[in-house]
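The next block holds one structure in the form of structure tokens; read it before the comments.
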Number of protein chains: 2
Amino acid sequence: MFLSQTAEYAIRAMSAIATLPPGELVRASDLVESTGIPPSYLSKILRRLVLAELLVSQKGKNGGFALSRPAGRIRFIEILYAVNAFPAEGRCAFGWGLCDSVKPCPLHGPWRRLKDRVQDWADNTTLAEVAEAAKFDQRVQLPTGKASGG
Amino acid sequence: MFLSQTAEYAIRAMSAIATLPPGELVRASDLVESTGIPPSYLSKILRRLVLAELLVSQKGKNGGFALSRPAGRIRFIEILYAVNAFPAEGRCAFGWGLCDSVKPCPLHGPWRRLKDRVQDWADNTTLAEVAEAAKFDQRVQLPTGKASGG
DNA sequence: TTTTCAATCGACCCCCCTATCTATTGAACC
DNA sequence: GGTTCAATAGATAGGGGGGTCGATTGAAAA
């Protein structure tokens, strides 16, 4: 696997929220059903997403979570950073001996290409695409409470 | 991080071996120095690489490890498979509800693109590139014992 | 055949990510 | 104000990848 379990969870949770009408609050317990993420762990992940200002939260009755901005303006890279799932700049992950731009290690090139590809993907993928796919594809279970009502 | 620690170690170890003259055996203890991988754990990883037939090993005095074939014919994807670091076919890693080609989950598209990119990278990167970089860049410590003895 | 060296093998430990549980805070509704 | 609901916070338990150890096998050299 490329991404950690937590990173996958974060993407899944954000995606589930993105399929809702903008601004609508969704409870963590509803997200549990639609995402299959362990309840208590989901809370922690949501917290991190709130701290990263990707989500806003509302306590108390009728509270819940919502995107902090339109889905099209939330890129996957931001989600990955929020859960610390993207390598910091300047570090060659293959870390073979000393390695900087002056004295690159023999694995610097391959690593660089991999990182660039993943980053490009994460930079250019937004939650809007997910929301679109879900809309287009209403076979998916949506956590809107009474989805079939209409 | 995209790749597990073990996957990184495997790539590093293979790369270190690839910088040696073809056919030359290198001891695990030498690889420890050049790669910085914990000794006892390196043995385990080398074992897996032997089982995957990416390396050949020789027991006893003057024994060691060597590539099973030319560096240019060992792709990174094979290394990743050897240490079980690449997702099996057919599984949507984001695993959001049911997901197959007929009923793709909303994250199927993004996931597919990511996987394709990583796979393309791993398919088209071989140890030859690493060996070239190391040759071109002799500032790197090579585990050849007496590298300076020319 | 003995010694030496180095890979192999099995068993085990440990840490951190993952996951859970139990309060507590705080907002809405009555 | 009191009740209810839901996010927040901290403390704590699993589990698996990462890491270690000791004994064994087997090949080369003496």
Side-chain angles (χ1 to χ4, degrees), chain A residues 1-13 17 20 24-33 35-68 80 82-87 93 95 143 145, chain B residues 1-13 16-17 24-33 35-68 80 82-87 93 95 143 145:
Chain A
M1 199 59 45
F2 322 123
L3 299 160
S4 69
Q5 184 72 30
T6 302
E8 283 186 25
Y9 284 167
I11 288 176
R12 231 189 283 169
I17 298 172
L20 296 175
E24 179 168 322
L25 289 174
V26 57
R27 288 169 297 171
S29 57
D30 286 335
L31 290 174
V32 166
E33 293 189 25
T35 64
I37 302 171
S40 310
Y41 195 48
L42 175 61
S43 303
K44 281 195 148 177
I45 294 170
L46 292 173
R47 184 85 230 299
R48 299 178 75 170
L49 295 168
V50 169
L51 286 178
E53 298 183 348
L54 300 180
L55 293 179
V56 291
S57 63
Q58 175 80 284
K59 276 189 178 181
K61 202 156 189 172
N62 300 328
F65 298 87
L67 299 186
S68 65
L80 295 182
V83 295
N84 212 21
F86 202 83
Chain B
M1 199 59 44
F2 322 123
L3 299 160
S4 68
Q5 186 71 42
T6 302
E8 283 186 26
Y9 284 167
I11 288 176
R12 229 189 285 170
I17 298 173
E24 178 169 321
L25 290 173
V26 56
R27 289 169 297 172
S29 56
D30 287 334
L31 290 174
V32 167
E33 292 189 25
T35 62
I37 303 171
S40 309
Y41 195 47
L42 175 61
S43 302
K44 272 190 154 179
I45 294 170
L46 292 173
R47 183 84 230 300
R48 298 179 75 172
L49 294 168
V50 170
L51 286 177
E53 298 184 348
L54 301 180
L55 293 179
V56 291
S57 64
Q58 175 78 289
K59 275 190 179 180
K61 204 158 190 170
N62 300 329
F65 298 88
L67 300 187
S68 65
L80 295 182
V83 295
N84 211 23
F86 202 82

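What you see below is based on every heavy atom in this structure, not just the backbone, and it leaves out hydrogens, waters and symmetry mates. Order of the sequence lines fixes the chain letters, A, B, ..., with proteins taken first and strands second; residue numbering starts at 1 for each chain.
The interatomic distance linking A/I45 (CD1) with C/dT20 (P) rounds to 11 Å, in whole Å. Taking atom NZ of B/K61 as the reference point, atom P of C/dT1 lies 19 Å away to the nearest angstrom. Between the CZ atom of A/R48 and the P atom of C/dT18 there is a distance of 9 Å, rounded to whole Å.
Mapping B/Q58 and A/S57 onto DNA chain D via the closest heavy atom, the residue that lands nearer the 5' end is A/S57. Summary of the strand contacts: B/S43 and A/P39 both lie near DNA chain C, and taking for each the nucleotide with the nearest heavy atom, the more 5' one is attributed to B/S43. Taking the nucleotide of DNA chain D with the nearest heavy atom to each of A/S29 and B/Y9, the more 5' of the two is matched to A/S29. Checking A/N62 against A/I37, the closest nucleotide of DNA chain C that is more toward the 5' end is the one next to A/I37.
Rounding to the nearest 0.5 angstrom, the gap separating the OG1 atom in A/T35 from the CD1 atom in A/I11 is 13.0 Å. With rounding to the nearest 0.5 Å, the separation of CG in A/L80 from CD in A/E8 is 10.5 Å. The distance from the CG atom of B/L46 to the CZ atom of B/F65 is 4.5 Å, given to the nearest 0.5 Å. Taking CG of A/L42 as the reference point, atom CD1 of A/I37 lies at 5.0 Å (rounded to 0.5 Å).
Residue B/F65 places its side chain closer to C/dT8 than to any other of C/dT8, D/dT8, C/dC21. Which of C/dC9, C/dT20, C/dT18 sits closest to the side chain of A/Q5 comes down to C/dT18. Comparing C/dA7, D/dG18, D/dC21 by their nearest atom to the side chain of B/K59 picks out C/dA7.
Remark: the B/K44 side chain and the D/dG18 base include no donor-acceptor N/O pair separated by less than 3.5 Å.
Here A/T6 lies in heavy-atom contact (under 4.0 Å) with sugar-phosphate atoms only.
Between C/dC9 and B/R47, a contact under 4.0 Å exists linking OP1 or OP2 to a side-chain N or O.
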